[in-house]
Amino acid sequence: MSETMELEAPTRPIGVYTRPKGNTGWRDWVTTVDHKKIGILYGVTAMVFFVIGGFEALLIRLQLATPNGTVLGADTYNRVFTMHGVTMVFLVIMPLAAAFANYLLPLQIGARDVAFPRLNALSFWVFLAGGLFLNMAWIVGDAPDGGWFAYAPNTGMIFSPGKGMDYYALGLQITGIASLVSAMNLIVTVLNMRAPGMTLFKMPVFTWMILVVQFLLLFAVPVITVALFLLMFDRNFGANFFNPEMGADPLLWQHLFWIFGHPEVYILILPSFGIISEVIPTFSRKPLFGYPFMVFSGIAIGFMGWGVWAHHMFVSGIGPISVAAFSVSTMFIAVPTGVKILNWLATMWGGRIRFNTPMLFAFGVVSMFTIGGLSGVTHSVAPADTQQTDTYYIVAHFHYVIFGGALLGIFAGFYFWWPKCFGHLLGEKLGKWNFWLMIIGFNMTFGPMHILGLQGMSRRINSYSPGFGFDFWNMFASVGAFVIAVGVLLFVINVVASARKARTAPPVGLDPWDARSLEWFTPNPTPAHNFDEDIEVSSLDEFWHRKYGEDENGKVVRVATAEEVCQDGSATDTHLPSPSYWPIILAAGLPFVAFGLIYTLWFCVLGGTLIFMAIYGWIFEPVDDPDGPHGHHEGHGEDESGVDEATAETVEEAPVG
Amino acid sequence: MADTSAVSHGHGTGTGLSNNKLLMWVFLGSECLLFGGLISTYLIYRSRFADGPAPGDIFDIPFTSVSSFVLLMSSLTMVLALSALQRGDIRNNRVWLLTTAMLGSLFIGGQVYEFTTFMREGLGYSTSPFSSAFFTLTGFHGVHVSLGIVMLMSLLVSSLRGTLTKERSETVEIVGLYWHFVDVVWIFIFTVIYLVPSPTT
Amino acid sequence: MSTVIEAPAGEHEGEHDDHPTDRKYVEVAIVLGIVTALEVATYFVEMPGAVLIPMLMLMMVFKFFYVAAWFMHLRFDSPMFTKFFVTGLVLATIVYATMLTVFEFWHKG
Amino acid sequence: MILKSLRLERVIAPFIGGLLVLTGCAADAPLDTLDPKGPISRSIDSLADPIFLIAGLVFVIIFVASAMIWWKFRDDHSTDEFPHQVHGHFRAEIGWTIGPAVLMAVIAVFTLISHFDLNSEDRNDLVVNINGEGTSWDPEVVVVGQQWWWEFRYYFDGLDGVDLSDARNLPPADIVAANQLVIPTGSEIGLKIMSRDVIHSYWIPALNGKRDAVPGRVAPWKIEAETPGVYFGQCSEFCGLSHARMRMQTIAMDPVDFQVWVDQQMQPAAEPTDAAAMRGEAIFEGQCARCHVVNGINDGGGADLVSNAAPNLTHLMSRTTYAGGIFELYESDGSLNRPQLEAWLRNAPAEKPAYAEGRRGMPALGLSEDQIDDVVAYLLTLGASPAMDVIAATEVD
Ligand code: HEA
Ligand code: HEA
Ligand code: CUA
Ligand SMILES: [Cu+2]
């Protein structure tokens, strides 16, 4: 295969070497390299996984609603909560953050696209492949059952002889590739593609937080990669990394997992912090209070997140000195996080706040995350944690920070940027119902878990006996879970209903929220080429500052309307990266390799061939479709410094990670 | 694999640096944590050799020294290949690329020999935590070297087809970065795993 | 992370002029070869661990950074590259050293 | 409209309700973590309580501020002037960096003091009568977790000479008990926690926090009870299929009762005299002895199980629960809970999920009903029944 390619390449590209042209229908979505479309793909996929993960959560709650529940057997229950955790963390929150990062980050820095559009598409397809692969385990009837942190040796071949943990190890490995690739891509994008004048300290906080997250991913993903490899080698090739009988130490897994795992929780939360740092100033009609402190505290959280992993191991027997050290280091994470909370409050303080739905959700984050953060602080007190760990008190903590922090923030983002992506607003009325049902249901579900946990209810138990005082609050929590479900359902209805309404209603206009940052310079929805021309950035919140000035008394006065400030999206001569088939083909190869490792190596051959083909196709693919329209090279972005035909056709070779 | 041939020398990017090169460096930063994890695993397990041979029993330092030297010298040839291309000296570029790939292959050959010898001496992959960790660490490194060889050969093919010109020397530079990184990892492994005295039975 | 990103735009345009000559590269390689030979020599000489291990570490670190500086061009390339690499390196070192410490010294009790 | 009435106070109502319930919930919650029954757990509690309080205060501050923002600064459309544009305030930032940092530093100090105290050992030797001889015993018990039950091993000569390196092959002990750890009140008891298969976690909330049982490691831990009673626990590290059904109790007795218990446990099983029990013994030796040990009938040897051990049954009847502390052995009137025990012998995996075919957990042995009756008759001869108050205290309903 490669032979022929190599021979053909120097001549004019034909056949597969031309890039796909289709701009309509599903082909367009499959081959797109447009960061906006990829963002939407991420979002839709993650929401589908959210419904799956939420369905699993509802099963958990049904089982636990009454003592000695019989909805799920012990075996099924273990699979359900494992897949619930894995799905929610790796297939919902992370890709939702990626959705926002993809769609907004290039816009917020005034770029045409990300630095490597095809790699960007690759990230998405690899993520999808990993997610489907993981859930495939349900279909073969062998979903992983070792818990989301998969402690060895329970996940080894002796104690998990089924294929479930193989799906876990390989599935997460695949999604890890996706995260790593997209992290590298976005770092380069932020560093290299900013609009003229946009220094780092003129970047929106959302962009900043995404940047910090990409660094966390960059350095944390390889750690779990190692852990998962070791697990896989243990299971499939008879290695002895976690086999105590041969003298191995199971704590090795715990260290590796949590060295990844704790930065991971900040990977989950920081995007949401970024989102609400955009929403709160907009709706408070005030600039973000203490911008540099918001940036530095985010960076500080990113750094400190590396030094606290063993707080998940306070009772593992790592020794009193280690416990003491990690206990203290954990406590101080409360400081930069507190700076953020207080700065948001200070931003709102003295504002004139419009409580539209995005703002409601952002407000929800500030208060609900605080509850979760404070219970986190109570865990960091190691002696106290010996009573708390592995109880529902922990379950309460992390749902408060993840649901109350990360997820609510993401919903704030949905409502805030929906017009940016789709050209119409989500319904306010349904939105408010959505918010209130979610927040009430959420508190009903997870609030009582504090009590349950302190009353001694262990987590990961598929049933409990009456007489331990668990009955009432479990039922209460289960009812709450269904209230959340109704809330989520309203969101789905809102999406459909507002899209339908938008067909007849007038368009949303340029600046529905009186917003502040660069992405609002483009019309809604964003045109394919993003910006008509480069934006010269001279201040933070450039968009806002072009709309408003100050009079001599320091009062804010309008100097321009959004119509005057915005670009009209009419540029037609911009040169866009062409779509490509190869990312999806490459991604499709990975699950086959994984199947091969589980079942028969023949699948590996198949998958390997696909990957090999895709890499070569990728390399020999011309940068542009030679038959496609050629604009002149304007603006800045990957297409900037004139691509001559010769360069375009040559082998673009860079090492593959 | 990257799209940005256009910005080959980074003119017009925010930092003035090429996207591709930046990407490689970012990637190498990430690789530090990958190899760090594997090396730590090895260090934790080096004295847990169960009933099998201990590292101190079977390491053949003179042999490994030679192959380490080979890999080290391949870094020299790699940089010479780049420097040749930067001068527009296509012929020497090819020669050095080929030499680098050969030296890399020699190193891999040495590793294959080492592995088979160890196996014969009773150190299988499943023998002990030590053996698993040792083969995994050096195996990962070997896979990295092998990937590097594939990349070098692709460059060579590209050069023979006349497309690897002076203007595109950055591609060689990027492959070179990867190659040197793999070398640098071995410098670490050679000292910490082989030369620092290992436990014996 | 902030430290990583500060390189002002376009400052390192001149990078191609001061690339070392091939001769310099060969010299570097000779130095590396000699240090390697010294390293290997320690294997044949009896030495207490307290001397040997710091010595080996020193030579390793020297080789490591010598390769990075010359062959990987960190000496004359943009400092931003160095920052990325060193961030990864330092982070890996600290994190894994902590992990090893926990395993080796503090795990009792 | 309903939205208007859904104000903040409704949202936080569950918390206030929760706090109220928390304070009064101890009565029917045997695993309550806030109801210490010994000095160790009390010192955890007295560290945790102020921290809950501090957290609660911070919570109140943030929520009061939020509520004020909610009401004071909402846009009432009275003006369309922009509010005063504040970009930040350096001193405020420093304030709310230093403030929490100092607070956390204070918490850290108290945490460290308490932490090192909890990890210190402060055991006194006890005098126990072993075979009529007063022996000075450094009270330490070996606790071994396996899927899905606990074993407790007492070595009255102390653990110094005992090789604990291989949990699957521990040297013979003076007493081997399962699922119920019996301790004397008023003394700190050391535990050496280990595992024969996967990671478990030993946890009696009323007496101390938890500590993982990690295969290949020996984790020191300690408990102390002030008053006699039955204290409940639950394995709290996910350990596979029946993790939920891996419970345990600690029975604290005053030292006199403890001595009686020790005397009884040191006896090997007596040969049965009654015909049914004798038939039962034969079945036991044929069917059960490949896994279970009854001292005096069969000694030592590994069980045909992944963990290499099944509960020692020599004094089965002296326990109040079995099979991971989940089934009650006695009715509240002190008679045998026969249907449950028979069901267990008929088909154990149906009563408590296990991977019996994977040699984890007790298999269904295909005994006939007559055989079951005989085996029960035999089991009834194993050990003296516990005191009525212990039986009563084991019932959680
Ligand atoms: C979004 C994810 C997220 C976030 C942001 C956090 C944030 C924090 N977490 Fe959490 N955590 C998880 C997700 C998260 N966690 C998950 C998923 C688990 C369980 C994993 C598992 O076992 O399955 C877990 C478990 C977990 C444990 C282990 C518990 C155990 O298993 O025994 C600990 C222990 O220290 C902990 C602590 C903390 C702390 C101190 C913070 C801090 O960052 C919080 C800081 C925030 C505040 C403190 C609030 C705001 C601050 C102020 C208003 C200032 C004033 C406050 C003070 C001075 C106190 N977390
Ligand atoms: C990362 C994010 C995240 C999110 C958002 C959630 C959301 C929820 N979680 Fe999550 N949970 C975890 C992460 C998350 N969880 C993790 C990491 C664990 C640990 C796993 C482990 O121990 O290994 C865990 C464990 C966990 C447990 C403990 C299980 C145990 O220890 O035994 C429980 C118990 O109640 C629970 C409940 C819920 C509920 C009710 C929701 C709800 O908020 C869900 C709301 C969503 C919906 C309800 C979906 C809406 C669906 C529809 C509207 C359509 C309905 C569809 C059909 C009927 C087909 N979760
Ligand atoms: Cu044993 Cu959970
Ligand atoms: Cu954590």
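In what follows, chains are A, B, ... by sequence order, proteins preceding strands, each numbered from 1.
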Max heavy-atom pairs within cutoff under 4.5 Å with chain D, candidates A:Asp385, A:Thr155, A:Asp75, A:Leu251, goes to A:Leu251
Okay, D:Ala105 and chain A: the region with an atom under 4.5 Å from a heavy atom over there is both
Here the gap from A:Leu345 atom CG to D:Ile69 atom CD1, rounded to the nearest 0.5 Å, amounts to 4.5 Å
Applying a strict 4.5 Å limit to non-hydrogen atoms, the region of A:Phe468 in contact with chain D is both
One option among D:Arg168, D:Lys72, D:Met246 has the most heavy-atom pairs under 4.5 Å with chain A, and it is D:Arg168
When the 4.5 angstrom heavy-atom criterion is applied to A:Gln388 and chain D, the contacting part is both
**Q.** Salt bridge A:Asp249-D:Arg217, side-chain N to carboxylate O under 4.0 Å
**A.** yes
Checked A:Ser297, A:Ser380, A:Gly350, A:Pro281 vs chain D; the most non-hydrogen pairs under 4.5 Å come from A:Gly350
Okay, A:Ile158 and chain D: the region with an atom under 4.5 Å from a heavy atom over there is both
So, the part of A:Phe472 with a heavy atom under 4.5 Å from chain D: the answer is neither
Honestly, the part of A:Phe283 sitting under 4.5 Å from a heavy atom of chain D is neither
Taking A:Arg352 first and then D:Asp76, would you say they form a salt bridge - that is, a charged N and a carboxylate O separated by under 4.0 Å?
no
The ring-ring contact (aromatic ring centres under 6.0 Å, His included) partner of D:Phe238 among A:Tyr151, A:Tyr77, A:Phe81, A:Phe149 is A:Phe81
For this session: Please work out which of the three classes, parallel, tilted or perpendicular, describes the rings of A:Phe363 and D:Trp70, given edges at 30° and 60°.
Result: tilted
**Plane angle bin for A:Phe289 and D:Trp96 - parallel if under 30°, tilted between 30 and 60°, otherwise perpendicular** = tilted
Q. Is the closest side-chain heavy-atom distance between D:Arg211 and A:Ser316 below 4.5 Å?
A. no
